[in-house]
Amino acid sequence: MSTPIIRVHWLNESRAFRVLQLLEQLKLDYEIVPYKRNQDFRAPEDAKKIHPLGRFPLVELEDRTTGKKKVLAESGYIFHYILQHFDSKGLLKNNDPDQAEQIEYFLYYAEGSLQLPLMIEFILSMTKKAPIPFPLSYLSGKVADKISEKYSKGELQNQLKFVEGEIAKNQGYLVGGKLSGADILMLSPLQHALDGGFAKHEEYPHISKFMDTLTALDSYSAAMAKASANGGKF
């Protein structure tokens with residue numbers, strides 16, 4: 001059975017970049033359908049024509065014979081589907097059943113346990129930068145600091161310590177000492193956490209080295225070039 005036409009509905013300045021790197025690593029042909037954020041930094045309404053929620057990334061698969069289309073949403077599920085159906089050479093798979101399950105776990109973990117406190121920290125940081133007049137700006141900043149202190153900052157540190165330990169015991173990767181789809185999916189939130197200033201590189205040396213390893217891949221530079229050509233900013 002031939003590989004369907006793969007279209008990545010891609011939003012500039014978004015985590016959809018990870019799907020491009022996955023497809024590049026698997027050496028799959030694909031098309032990019034670019035979208036740009038509006039003046040409120042939101043996804044355009046046109047995205048809802050592809051999927052009712054209008055969230056990115058979205059991957060559209062079109063059968064080359066029948067023309068039937070299927071739309072994949074949610075990053076973890078997109079990765080799961082692509083790895084299950086299109087990694088015919090086993091480039092990102094692990095033949096050990098336990099390690100294969102661990103890879104599957106990280107596909108959900110990246111968008112769940114890790115992403116939630118990171119997103120809260122990001123929203124709180126945006127609150128502190130918002131153009132709110134004094135003294136409301138002072139009060140909103142204090143509230144943001146208190147929420148961060150009581151929940152998200154400590155929880156993010158907890159999650160990053162866990163990831164640091166997993167990479168340390170798996171020879172620089174998340175599972176089994178070799179590159180998997182989970183590594184590619186996890187790169188974005190780790191970059192956001194460390195490069196975005198929510199954690200310090202020196203506190204997480206194994207994560208920092210992991211990030212260097214992933215960004216040195218040919219698949220990363222190829223995806224970066226295509227993303228930049230379609231309005232991506234890095």
Side-chain angles (χ1 to χ4, degrees), residues 2-35 56-62 72-95 99-100 102-111 114-115 163 166-167 170-196 201 204 206-234:
S2 63
T3 302
I5 298 169
I6 302 174
R7 295 189 186 94
V8 181
H9 293 264
W10 179 81
L11 181 67
N12 69 322
E13 298 184 64
S14 76
R15 289 176 290 144
F17 174 82
R18 296 177 293 184
V19 176
L20 304 188
Q21 187 178 5
L22 175 67
L23 295 172
E24 291 289 341
Q25 189 67 35
L26 293 176
K27 303 186 184 306
L28 294 169
D29 293 325
Y30 63 95
E31 303 171 4
I32 295 177
V33 183
Y35 298 78
F56 290 89
L58 295 170
V59 173
E60 181 182 5
L61 306 175
E62 181 178 342
L72 309 178
E74 298 295 337
S75 296
Y77 179 69
I78 290 171
F79 267 63
H80 169 86
Y81 190 96
I82 290 174
L83 291 167
Q84 186 177 53
H85 290 84
F86 304 139
D87 187 8
S88 57
K89 297 180 180 179
L91 298 175
L92 296 175
K93 292 180 180 177
N94 195 304
N95 293 326
Q99 293 183 351
Q102 191 69 1
I103 291 171
E104 191 77 7
Y105 162 77
F106 277 115
L107 294 182
Y108 295 93
Y109 170 84
E111 292 293 287
L114 176 59
Q115 190 61 45
V163 176
E166 293 299 301
I167 293 173
N170 282 286
Q171 297 81 53
Y173 297 96
L174 286 169
V175 181
K178 60 172 289 190
L179 182 69
S180 72
D183 296 305
I184 295 174
L185 187 65
M186 283 280 283
L187 177 60
S188 178
L190 295 177
Q191 285 178 317
H192 191 189
L194 273 65
D195 292 343
H201 279 268
Y204 303 100
H206 292 285
I207 291 178
S208 292
K209 187 176 180 180
F210 169 88
M211 289 165 55
D212 290 341
T213 299
L214 268 288
T215 55
L217 293 172
D218 290 342
S219 60
Y220 185 87
S221 56
M224 182 76 74
K226 291 183 179 179
S228 298
N230 284 277
K233 296 180 181 180
F234 302 93

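Along the sequence shown, residues are numbered consecutively beginning with 1.
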Name all residues meeting the ring pair (Phe, Tyr, Trp, His ring centres under 6.0 Å) criterion together with [X]; count only those two or more places apart in sequence or in a different chain, and write none if there are none.
| X | value |
| --- | --- |
| Tyr77 | none |
| Tyr81 | His85 |
| Tyr35 | His9, Phe56 |
| His192 | Phe122, Phe198 |

Side-chain heavy-atom pair [X], [Y] within 4.5 angstrom cut-off:
| X | Y | value |
| --- | --- | --- |
| Ser208 | Leu194 | yes |
| Leu20 | Tyr30 | yes |
| Lys93 | Ser180 | no |
| Val59 | Leu23 | no |
| Met186 | Tyr109 | yes |
| Phe86 | Leu61 | yes |
| Leu114 | Leu190 | yes |
| Asp183 | Thr213 | no |

Can you name the closest pair of heavy atoms from [X] and [Y] and give their distance?
| X | Y | value |
| --- | --- | --- |
| Glu111 | Gly76 | CG-N, 4.4 Å |
| Gln115 | Pro189 | OE1-CB, 3.6 Å |
| Ile32 | Lys226 | CD1-CB, 3.9 Å |
| Leu107 | Leu185 | O-CD2, 3.3 Å |
| Gly176 | Asn94 | CA-ND2, 4.4 Å |
| Gly172 | Phe210 | O-CD1, 3.3 Å |

With side-chain contact (heavy atoms from CB on, under 4.5 Å) as the test, would you mind laying out the steps for Ile6 and Ile82 before giving the verdict?
-> CA-CA 10 Å; Ile6 302 174; Ile82 290 174; 5.8 Å; no
Do the side chain of Ser221 and the main chain of Asp218 share a donor and acceptor less than 3.5 angstrom apart?
-> yes
CD1 of Ile167 to CE of Met211: how many Å apart, nearest 0.5 Å?
-> 9.5 Å
To the nearest 0.5 Å, atom CD1 of Ile78 lies from atom CG of Leu22 at 10.0 Å
Residues forming a salt bridge (Lys or Arg N to Asp or Glu O under 4.0 Å) with Glu74, sequence neighbours excluded | none
Results of salt bridge (Lys or Arg N to Asp or Glu O under 4.0 Å) for Arg7 - residues two or more places apart only = Glu31, Glu60, Glu62
Give a yes or no on this: more than 12 heavy atoms of other residues, nucleotides or ligands lie within 6.0 Å of atom CG of Asp29.
-> no
Side-chain H-bond candidate by donor/acceptor type, Tyr220 with Gln25, under 3.5 Å | no
Check the pair Val163 / Leu174 against side-chain contact (heavy atoms from CB on, under 4.5 Å), numbers first and verdict last.
-> CA-CA 8 Å; Val163 176; Leu174 286 169; 4.2 Å; yes
